[in-house]
Amino acid sequence: THSLSLSPPVVGVQALRVSCLGAKERPVHHMRQPWSHRVPVLPVLLSTLVVQHTVVVVPHLMLASVVVGLDNGLGRHGPAMGWSSWNHFRCNISEDLIKAIADSMVSSGLKDAGYTYVNIDDCWQASTRDAVTDELVADPAKFPHGIKAVADYVHSRGLLLGIYTSRGDHTCQGRPGSRDHEALDARTFADWGVDYLKDDSCKDTHYKTFDDPEVAWGQYMAMRDGLNATNRPIWFSITGRLAYNDSEWHKEMHCIHPPRPSNYPNEYGAFTVRPWVRAGKDVLGLANSYLIEYCNNHAFWGFTNAVSEAGGKPMPGGFLSQLDSQQLLTYDNMTRPGAYNDNDMLENCNPDPHGGMMTTAEFRSQLTTFAVQSSPLILGHDIRNQSHVCLEVITNKEVLALADSTRGRLVYQYPMAIWPDADRVPPIGSTTTDSGVADASVNISLQVWAKALDQRSTPGVIGVVVLNRGATPTSLNLTWDMVGLAPSTKVAVRDLWAHADEPAAVGSLWISNIASHDVKALTLTPA
């Protein structure tokens with residue numbers, strides 16, 4: 001029971017808002033309210049405000065504000081774009097490397113294309129915290145001048161600095177984590193001039209409960225509140241590994257699965273928001289982006305769900321695994337301005353585990369599908385030594401514009417059950433997830449996404465992406481019912497990879513010869 005008393009009576013205030021900070025959050029399955037909730041406070045008229053537990057009652061008027069949810073104002077016009085050290089460099093990082101990357105982002109044109117964050121991933125920390133202040137300390141061998149000096153340099157190049165921690169008591173590479181230090185670490189990061197925080201899920205001595213959704217939620221809320229208290233806009237990116245189990249063939253996609261070490265719970269785990277949403281948590285108010293995938297990403301094409309192209313079991317973590325995770329591990333309303341499903345870092349231009357590399361067509365496919373899904377676009381290759389072809393792909397501004405999300409709606413994926421041939425997504429008779437969206441098929445050949453874009457000068461523009469997952473070229477008759485247009489609508493057609501206008505179309509558009517593992521990206525503008 002929560003109780004409060006107010007005296008004397010509040011005069012001239014017609015409405016009160018009640019914010020139950022400690023109460024169970026409301027379900028957000030169909031939430032349409034803004035994700036950052038401000039409650040104005042009247043500081044003068046209340047001479048007595050007695051609050052028990054965590055209920056705050058304040059007038060709906062006037063000056064200051066109490067914030068429930070992440071309150072940094074970031075991501076209103078699209079997800080974060082930048083670079084991270086992890087995919088290519090792992091722990092081989094240094095102050096000089098980060099400065100050189102910042103220089104290359106400017107000189108190569110990546111900054112001008114919209115990539116602004118330079119993110120230092122794991123291994124920047126010293127092995128222990130400061131003995132006096134208990135603050136995190138940079139590794140003196142790798143960052144002899146400290147993180148603030150690096151941030152100052154990155155800022156001088158017109159870029160933003162990101163940094164890494166983990167919600168456990170250690171990071172994935174064994175450095176000090178942020179467990180029970182969230183407010184302190186948030187202040188430290190803000191004092192250093194950090195602009196982006198990746199908060200991972202790794203290594204904790206409280207291993208028996210570490211993957212418990214309630215435990216993870218509490219730790220991330222503590223860091224979110226710590227960041228809010230700094231009054232510095234810091235993008236909050238979480239990689240929430242939670243206990244999660246699903247159907248038999250989905251289990252093949254998990255990296256975290258039984259049998260696990262004897263000191264850990266013998267259960268499946270995934271990076272997902274589903275347990276939180278089911279429990280009524282306000283995920284959209286927790287972070288700017290939240291990782292959604294079964295397994296850490298890798299630089300290869302991957303497999304079509306549970307069946308590998310070689311006929312055996314899949315190797316989790318390839319591009320297609322990342323792509324399918326967006327359908328199997330989240331919900332269709334979990335992306336909006338300021339809060340985004342995260343497909344994980346891009347592997348464009350990185351070698352695969354065997355020294356090979358995805359094709360240019362596959363790099364196009366990854367960038368385009370990530371963009372149309374409004375995933376953060378975080379590069380991970382050595383941009384000091386990138387090819388012209390690589391740079392041409394990742395700086396295609398027409399494709400990058402697909403990530404715009406000020407309309408606040410997640411992309412609509414076609415086909416539904418009326419798909420006109422045997423290659424269906426989903427197949428007839430497939431099972432449905434608890435979100436009401438049918439699971440992806442093991443027989444996928446083509447996928448189509450359509451997304452309303454925020455073109456202020458030309459309203460009604462739709463972005464369309466067609467992906468050929470198959471091993472042979474294919475064609476598609478794109479009919480207007482696939483993309484939500486009336487059959488009689490006439491549209492101007494723009495090919496975003498060819499940078500060319502195509503003939504106007506009415507009712508349908510024939511898209512021919514989409515190469516294996518390649519993608520077609522278009523805008524349709526009502527004429």
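Keep in mind it's a predicted model, so treat the numbers as computed, not measured. Any value given below was found using the heavy atoms of this structure, including those in side chains, with hydrogens, waters and symmetry copies removed.
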Minimal non-hydrogen separation, [X] against [Y], with atom names:
{"X": "V399", "Y": "A371", "result": "O-CB, 3.7 Å"}
{"X": "W276", "Y": "G240", "result": "CH2-CA, 4.5 Å"}
{"X": "F210", "Y": "G168", "result": "CE1-CA, 3.7 Å"}
{"X": "L227", "Y": "A186", "result": "N-CB, 3.7 Å"}
{"X": "L159", "Y": "Y115", "result": "CD2-O, 3.8 Å"}
{"X": "N468", "Y": "I514", "result": "ND2-O, 3.0 Å"}

Would a distance-only check, ignoring hydrogens and angles, find a side-chain to backbone donor-acceptor pair under 3.5 Å from [X] to [Y]?
{"X": "K520", "Y": "V466", "value": "no"}
{"X": "D195", "Y": "L161", "value": "yes"}
{"X": "N266", "Y": "P258", "value": "no"}
{"X": "D169", "Y": "G177", "value": "no"}
{"X": "Q322", "Y": "L320", "value": "no"}
{"X": "N87", "Y": "L346", "value": "yes"}
{"X": "S375", "Y": "D342", "value": "no"}
{"X": "E267", "Y": "P265", "value": "no"}

Is any side-chain heavy atom of [X] closer than 4.5 Å to a side-chain heavy atom of [Y]?
{"X": "L286", "Y": "M221", "result": "yes"}
{"X": "Y117", "Y": "M81", "result": "no"}
{"X": "I234", "Y": "N72", "result": "no"}
{"X": "Y220", "Y": "D199", "result": "yes"}
{"X": "E347", "Y": "N297", "result": "yes"}
{"X": "K198", "Y": "T239", "result": "yes"}
{"X": "S365", "Y": "F370", "result": "no"}
{"X": "C202", "Y": "T171", "result": "no"}

Gap between atom [atom2] of [Y] and atom [atom1] of [X] - 0.5 Å precision:
{"X": "L136", "Y": "T165", "atom1": "CG", "atom2": "OG1", "value": "6.0 Å"}
{"X": "L284", "Y": "Y340", "atom1": "CG", "atom2": "OH", "value": "11.0 Å"}
{"X": "R187", "Y": "H181", "atom1": "CZ", "atom2": "NE2", "value": "11.0 Å"}
{"X": "L367", "Y": "I394", "atom1": "CG", "atom2": "CD1", "value": "8.0 Å"}
{"X": "N119", "Y": "I163", "atom1": "CG", "atom2": "CD1", "value": "9.5 Å"}
{"X": "R76", "Y": "L74", "atom1": "CZ", "atom2": "CG", "value": "8.0 Å"}

### Query
How far apart are the C-alpha atoms of V277 and T330, what are their side-chain angles, what is the distance that settles it, and do they pass the side-chain contact (heavy atoms from CB on, under 4.5 Å) test?
CA-CA 9 Å; V277 175; T330 186; over 6 Å; no

Q | Pair W86-W124, ring pair (Phe, Tyr, Trp, His ring centres under 6.0 Å): steps then yes or no | A | CA-CA 11 Å; W86 183 253; W124 64 267; over 10 Å; no

Establish, from distance only, whether the side-chain atoms of [X] and [Y] form a donor-acceptor pair under 3.5 Å.
{"X": "R179", "Y": "H170", "value": "no"}
{"X": "N350", "Y": "H381", "value": "no"}
{"X": "Q326", "Y": "N343", "value": "yes"}
{"X": "S374", "Y": "T335", "value": "no"}
{"X": "S289", "Y": "W235", "value": "yes"}

Original post:
Can the positive tip of R232 be found less than 6.0 Å from the middle of the six-membered ring of F189, inside 45° of the ring normal?
Top reply: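 Negative - R232 is either too far from the ring of F189 or too far off its axis.
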
Please report the C-alpha distance between R364 and D518 in whole Å, then the side-chain angles of each, then the deciding distance to 0.1 Å, and finally whether the side-chain contact (heavy atoms from CB on, under 4.5 Å) criterion is met.
-> CA-CA 7 Å; R364 279 196 298 264; D518 210 344; 2.7 Å; yes

Item to complete: Taking salt bridge (Lys or Arg N to Asp or Glu O under 4.0 Å) as the test, write out the residues that go with D185, two or more places apart.
Response: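 Counting only residues at least two positions away or on another chain, D185 forms a salt bridge (Lys or Arg N to Asp or Glu O under 4.0 Å) with R129.
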
Just to verify, what does D200 make a salt bridge (Lys or Arg N to Asp or Glu O under 4.0 Å) with, not counting sequence neighbours?
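D200 satisfies salt bridge (Lys or Arg N to Asp or Glu O under 4.0 Å) with no other residue.
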
Handout entry: Ion pair check, D211 and R260, cut-off under 4.0 Å
Key =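 Yes, this pair counts.
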
Should the ring pair H257 and Y268 be called parallel, tilted or perpendicular, given that the plane angle runs from 0 to 90° and is split at 30 and 60?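 Aromatic pair H257/Y268 classed tilted.
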
Would you call the rings of Y294 and H254 parallel, tilted or perpendicular, taking 30° and 60° as the class edges?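 Plane angle over 60°, so perpendicular.
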
message: Applying side-chain contact (heavy atoms from CB on, under 4.5 Å) to V465 and V448, what does each step give before you reach the verdict?
response: CA-CA 6 Å; V465 169; V448 180; over 6 Å; no

**Request:** Check the pair K281 / E214 against salt bridge (Lys or Arg N to Asp or Glu O under 4.0 Å), numbers first and verdict last.
**Result:** CA-CA 10 Å; K281 307 293 187 185; E214 290 293 331; 3.2 Å; yes

Practice task
Start with the C-alpha distance between Q373 and N341, add both sets of side-chain angles, then the distance that settles side-chain hydrogen bond (donor to acceptor under 3.5 Å, both in side chains), and finish with yes or no.
Solution key: CA-CA 8 Å; Q373 292 184 349; N341 287 318; over 6 Å; no

Run the numbers on V464 and T523 for side-chain contact (heavy atoms from CB on, under 4.5 Å), then give the verdict.
CA-CA 6 Å; V464 176; T523 55; over 6 Å; no

- Task: Could you give me the CA-CA distance, side-chain angles and deciding distance for R175 and D122, then say whether salt bridge (Lys or Arg N to Asp or Glu O under 4.0 Å) is met?
- Result: CA-CA 8 Å; R175 272 65 172 181; D122 206 352; 5.3 Å; no

Q. Should R167 and S201 be marked as a side-chain hydrogen bond (donor to acceptor under 3.5 Å, both in side chains) after you check the CA-CA gap, both sets of side-chain angles, and the distance that decides it?
A. CA-CA 6 Å; R167 66 181 177 87; S201 286; 2.9 Å; yes

